[in-house]
Amino acid sequence: MSLSSVRGRFAPSPTGGFHLGSALVALVSWLSVRSQGGVYIWRVEDIDGPRVIPGASDQQMTEARWLGIDWDEGPDIGGPLSPYAQSERGNFYELALAKLARSNGLFPCALSRTDLRELASAPHSRLGAPAYSKDLRPSDLWPDWFETHNTAANPEAALRFKVDDGLVSFRDLVMGDVAETVSETVGDFVLKRRDGVYAYQLAVVVDDLDMGVTEVVRGADLLDSTARQIQLINALGGTVPAYAHLPLIVDGTGEKLSKRNAALTLSELKAADIHPQAIVSWLAHSIGLAESLQPVAPSDLVEHFAWERIRSTNISIPADLTQQLRLLST
């Protein structure tokens, strides 16, 4: 299959409203792809079933379109690499796990979080908490352990990825040079929980590889996941995409804007008669893509988009933001 050389994505979790932090990621990732003439993908990260809010995914897509964001592939319009919802992609994750098992990159772990805490705090412990030490890996595994595990009615172990001891280095398009030794900071990490739920690290890597994603744009709160994902990509024989981690939008106390900030979701702002171009203007100005606060559509920003203009420090919500947006909407 022939794919565009530039493929970006936006992958929200349908666990709440579409807030300004999500809107910023959607806007910047969309601008980058459109400025390069690439393909933009909408993907739904609904792997954590109990937290998914019915109807949230459709609402998020409706609000993104209201903002002026569109996409070329997604759960609502289809595409050559469907399905575009993680809840429908379990077979892809199983294929990746099987590949890792064949290459001796995976092992079962029956230890709970409580077990690990107790081991790490025990006298003369060599575990070096919080990292999961390779000392805890099973010394040997029977040849068909993975098949036995997968066919068990109630598996008694999670599946962990064997990290290597090397330094992972990459250049982030916003945050600059980043380096991490995953074996020291995290250690072997879970790819599938014992209850059968696939871990975020596995799902996002497999989805990005299968969908040919060449550029990953997301919030800086996910920066510390990147080295792990690069190791996993390499283990699966994939190509590492470019990464860009955007500064977070924070409230007056410095806390990350979350889905709990209902007044700052697009639906609430829309209900308050805020114009979408006012929101785009504030986001673009705050991140460094617009010199002044003037109503603007996403399409108006494509021509002059450049990563060099993006700021790397967190963005504070002003106390009078709603008032500012109302003024821009008139």
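Note: hydrogens, waters and symmetry copies are ignored here, and every other heavy atom, side chains too, is used. For this chain, numbers begin at 1 and follow the sequence in order. Keep in mind that what you see is a predicted model, and the values were worked out from it rather than measured.
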Less than 4.5 Å apart, any side-chain heavy atom of [X] and any of [Y]?
X	Y	result
Val296	Leu301	yes
Ile77	Trp71	yes
Arg228	Val168	no
Phe161	Leu97	no
Asp76	Tyr84	no
Asp164	Gln231	yes
Pro298	Ile69	yes
Leu328	His275	no

How about [X] and [Y]: does a side-chain donor come under 3.5 Å of a side-chain acceptor?
X	Y	value
Asp208	Gln229	no
Gln201	Ser225	yes
His245	Thr226	yes
Ser13	Thr15	no
Arg9	Thr214	no
Glu180	Thr185	yes
Ser32	Gln36	yes
Tyr243	Glu215	no

For [Y], is there any backbone N or O sitting under 3.5 Å from a side-chain donor or acceptor partner on [X]?
X	Y	answer
Asp300	Ala297	yes
Ser35	Leu31	yes
Arg311	Asn314	yes
His285	Ala290	yes
Ser281	Gln277	no
Arg193	Ala158	no
Ser82	Gly78	no

Common cluster, [X]/[Y], ILVMFWY with side-chain heavy-atom separation under 4.5 Å:
X	Y	value
Phe92	Val197	no
Leu136	Val190	no
Trp307	Ile287	yes
Tyr200	Leu202	yes
Trp66	Leu264	yes

Margin query: side-chain hydrogen bond (donor to acceptor under 3.5 Å, both in side chains) for Ser183 and Thr181? Distances and angles first, verdict last.
Written below: CA-CA 6 Å; Ser183 60; Thr181 303; 5.8 Å; no
inquiry  = Counting neighbours of CG on Asp195 that are heavy atoms of other residues, nucleotides or ligands and sit closer than 6.0 Å, is the number greater than 12?
reply    =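 Result for CG/Asp195: enclosed.
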Is atom CG of Asp320 surrounded by more than 12 heavy atoms (other residues, nucleotides or ligands) closer than 6.0 Å?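 Atom CG in Asp320 is crowded, with more than 12 foreign heavy atoms closer than 6.0 Å.
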- Ring geometry between His149 and Phe146 (parallel below 30°, tilted from 30 to 60°, perpendicular above 60°):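 It falls in the parallel class, under 30°.
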Should the pair Phe10 and Trp42 be assigned to parallel (<30°), tilted (30 to 60°) or perpendicular (>60°) ring geometry?
->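 Aromatic pair Phe10/Trp42 classed perpendicular.
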Decide yes or no on salt bridge (charged side-chain N to carboxylate O under 4.0 Å, His left out) for Glu73 and Arg43, but give the supporting numbers first.
CA-CA 8 Å; Glu73 301 174 20; Arg43 191 172 72 220; over 6 Å; no
**Interatomic distance, Leu269 atom CG to Trp282 atom CH2 [nearest 0.5 angstrom]** =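 That separation rounds to 10.0 Å.
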Verdict with supporting geometry, Ile41 and Asp72, side-chain contact (heavy atoms from CB on, under 4.5 Å):
CA-CA 6 Å; Ile41 303 164; Asp72 307 296; over 6 Å; no
Q.
Quick check with a 6.0 Å cut-off and a 45 degree axis cone: is Arg7 positioned over the face of Tyr40's six-membered ring?
A.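 Checked: cation-pi criterion not met.
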* To do: Could you check Asp165 against Lys134 for salt bridge (charged side-chain N to carboxylate O under 4.0 Å, His left out), going step by step and ending with a plain yes or no?
  => CA-CA 10 Å; Asp165 295 328; Lys134 59 185 177 183; 2.9 Å; yes
- Evaluate the criterion salt bridge (charged side-chain N to carboxylate O under 4.0 Å, His left out) for residue pair Asp188 and Arg137; output intermediate values, then yes/no. CA-CA 9 Å; Asp188 299 335; Arg137 296 173 185 172; 2.7 Å; yes
**OP:** Please assess Arg326 against Asp273 for the test salt bridge (charged side-chain N to carboxylate O under 4.0 Å, His left out), listing each intermediate value before the final yes or no.
**Re:** CA-CA 7 Å; Arg326 281 202 180 98; Asp273 295 324; over 6 Å; no
Might you work through the side-chain contact (heavy atoms from CB on, under 4.5 Å) test for Leu106 and Trp145, ending with a clear yes or no?
CA-CA 11 Å; Leu106 196 68; Trp145 75 266; 4.2 Å; yes
